[in-house]
2 protein chains.
Amino acid sequence: MARPRTPLLSRERIVAAALRLIDEEGLDTLSTRRLATELSVSGPSLYNHFATKDELLDAVVDSVIGEVDLSMFAAVEGEAGAGGTRWPEALREWARSYRAALAAHPNIVPVLAQGPGRRPNALRLADAVFGHLVEAGWPRGQATRIGALMRYFVTGSALASFAAGFPADAEVYDAADYPHLGEAHRLAGHRGSVDEGAFETGLEALLDGLALRFARLPARP
Amino acid sequence: MARPRTPLLSRERIVAAALRLIDEEGLDTLSTRRLATELSVSGPSLYNHFATKDELLDAVVDSVIGEVDLSMFAAVEGEAGAGGTRWPEALREWARSYRAALAAHPNIVPVLAQGPGRRPNALRLADAVFGHLVEAGWPRGQATRIGALMRYFVTGSALASFAAGFPADAEVYDAADYPHLGEAHRLAGHRGSVDEGAFETGLEALLDGLALRFARLPARP
DNA sequence: ACCTGAACACCGTTCAAGT
DNA sequence: ACCTGAACACCGTTCAAGT
């Protein structure tokens with residue numbers, strides 16, 4: 001068959017199929033051969049569109065980050081220089097969108113958590129958060145730290161379900177060994193509300209703690 | 001050669017060598033054959049000690065979690081039932097030890113973050129945190145959420161360096177695309193202090209926010 | 001330019017054979 | 001019980017060959 005008149009593949013089609021396989025079967029089970037079969041081509045065909053599997057994974061990761069809403073960081077008329085007070089609301093909305101985008105694809109989070117690298121959507125995200133915080137009145141060093149700690153919290157919460165990490169088998173929790181885990185086998189059954197509640201509690205606690213620090217900032221020149 | 005008079009391998013030796021390879025070369029590059037070579041045996045020998053590679057990884061993960069200090073959760077005479085006020089200090093010390101243990105082995109964090117499973121050290125850790133918070137006066141549902149959100153934050157902070165995720169190459173940060181990242185190429189050079197500062201800032205913000213919530217708790221019966 | 005089959009150097013794991 | 005070599009069904013990637 002060799003080269004068809006109209007290409008069988010495109011980067012977009014490959015990325016979409018790869019993400020679906022990663023979601024459904026895990027990162028470890030994704031192979032270039034399996035992915036090619038899914039796309040009805042032979043294994044080496046993918047190398048016409050991506051130099052390596054890593055480059056393909058990078059594209060998958062950036063497509064996920066592209067789903068994060070950044071519109072809340074758009075400049076607000078008159079806020080710059082006035083000592084912003086809307087940054088907590090913006091961070092809250094962003095963190096929720098960020099977590100939702102990642103939690104929809106938990107198997108890819110370990111790759112994504114390695115940092116932005118040269119991926120455009122990841123760099124755009126870092127730029128938007130940092131820029132907003134600085135314009136709201138945070139010193140640059142503090143703004144960097146807030147960007148970092150928010151990523152720690154969001155990626156940690158999207159990496160895996162806390163509740164689902166506890167086996168539903170009650171026999172695991174021998175009272176002699178783990179005196180306080182007698183109800184832990186019920187956690188997995190309430191997976192959604194436990195993880196959602198933990199995320200919201202942590203997010204609000206973080207924002208409250210940061211607001212305390214913002215109020216203590218020396219007045220700017 | 002067949003069976004030697006004294007065994008060449010033990011679970012402990014295998015786990016130690018595996019952790020060293022994971023630290024030095026990454027999780028993906030760890031293969032049973034490479035590990036066996038490192039231990040001067042043939043590939044299949046490992047299967048006399050672990051049923052699968054996953055079981056071996058589980059043992060590696062639990063050995064790392066075994067390094068986390070839990071002594072700050074030991075019962076304090078007279079605190080139970082009195083409305084503890086030392087839980088923030090205990091959580092702070094624990095979070096630092098937890099992060100230190102994980103950050104020493106970042107490549108294994110994605111495995112570990114999947115939850116305790118049936119690993120004894122991970123279950124002991126969950127038991128200690130939850131038990132301490134409940135005895136300090138937190139309602140059980142809240143204590144669960146705090147255990148979860150602390151794990152989110154700590155695993156997120158240990159998974160990867162925030163600072164090192166930004167390429168040190170200044171040309172990546174085109175001002176037209178990323179107007180606020182002009183200094184981002186310097187981040188990797190300050191990797192230690194940026195990540196440490198972000199972790200400490202986030203930890204203190206979380207503890208402050210949780211203390212506000214603790215103060216608002218209705219008086220217990 | 002874009003696809004193919006054949007090939008190379010790897011994997012995790014099984015199993016019969018040795019002591 | 002604990003190690004070995006041979007084998008099976010996989011990997012990621014390269015490359016010459018086809019249109």
Side-chain angles (χ1 to χ4, degrees), chain A residues 1-63 107-108 110-112 114 117, chain B residues 1-63 107-108 110-112 114 117:
Chain A
M1 117 167 25
R3 176 158 100 102
R5 267 183 280 102
T6 154
L8 299 176
L9 296 175
S10 68
R11 287 176 67 100
E12 289 68 30
R13 276 197 67 220
I14 297 172
V15 164
L19 182 56
R20 200 169 47 73
L21 281 180
I22 289 168
D23 287 344
E24 290 172 4
E25 310 182 2
L27 188 61
D28 292 338
T29 19
L30 176 78
S31 74
T32 55
R33 292 166 129 106
R34 173 102 175 65
L35 174 57
T37 302
E38 199 78 5
L39 291 161
S40 307
V41 296
S42 80
S45 301
L46 302 175
Y47 289 84
N48 286 294
H49 302 267
F50 295 97
T52 62
K53 188 184 178 184
D54 271 356
E55 193 182 300
L56 161 60
L57 281 181
D58 244 35
V60 172
V61 162
D62 215 39
S63 82
N107 296 334
I108 197 78
V111 183
L112 167 161
Q114 299 307 309
Chain B
M1 122 163 24
R3 177 159 99 103
R5 268 184 281 100
T6 153
L8 299 176
L9 296 175
S10 69
R11 287 174 68 100
E12 289 69 28
R13 276 197 67 221
I14 297 171
V15 165
L19 182 56
R20 200 168 47 72
L21 280 181
I22 290 168
D23 287 344
E24 292 173 4
E25 309 183 3
L27 187 61
D28 291 338
T29 19
L30 177 78
S31 75
T32 55
R33 291 166 130 106
R34 173 103 174 65
L35 175 57
T37 301
E38 199 79 5
L39 290 160
S40 307
V41 296
S42 80
S45 301
L46 302 175
Y47 289 84
N48 287 294
H49 302 268
F50 294 97
T52 61
K53 188 184 178 185
D54 271 355
E55 194 182 298
L56 161 59
L57 281 181
D58 244 36
V60 172
V61 163
D62 216 38
S63 82
N107 295 335
I108 196 77
V111 183
L112 168 162
Q114 298 306 309

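In what follows, every heavy atom counts, from backbone to side chain, and hydrogens, waters and symmetry copies are set aside. To find a chain, count down the sequence lines: A is the first, B the second, and so on, and within it residues start at 1.
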* Would you tell me if any nitrogen or oxygen in the side chain of B/Ser42 comes within less than 4.0 Å of OP1 or OP2 on D/dC3? =>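 Looking at the OP1 and OP2 atoms of D/dC3, neither is under 4.0 Å from any side-chain N or O of B/Ser42.
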Both distances below 3.5 Å, Watson-Crick or wobble geometry, any strand: find the nucleotide opposite [N].
N	value
C/dG12	D/dC8
D/dA17	none
C/dC3	none

Residue [X], side-chain heavy atoms: nucleotide from [options] that is nearest:
X	options	answer
A/Leu9	C/dT13, D/dT14, C/dC3	C/dC3
A/Pro44	D/dG18, D/dC11, C/dG5	C/dG5
B/Pro4	D/dC2, D/dG5, D/dT13	D/dC2

* **5' priority, DNA chain C, between A/Ser45 and B/Asp54 [closest heavy atom]** =>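 Its nearest nucleotide being more 5', the pick is A/Ser45.
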* To do: Hey, which sits more toward the 5' end of DNA chain C by its nearest nucleotide, A/Ser40 or B/Leu30?
  =>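 Per heavy-atom nearest nucleotide, the more 5' residue is A/Ser40.
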* Nearest whole angstrom, please: distance from the C1' of C/dG12 to the NE2 of B/His49. =>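 So the NE2-C1' distance, B/His49 to C/dG12, works out to 17 Å.
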* **Separation of D/dC3 P from B/Phe50 CZ (nearest whole Å)** =>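 These atoms are roughly 12 Å apart.
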* Presence of donor-acceptor pair under 3.5 Å, side chain of A/Arg33 and base of D/dG12 ->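 By the distance-only test, yes, there is a pair.
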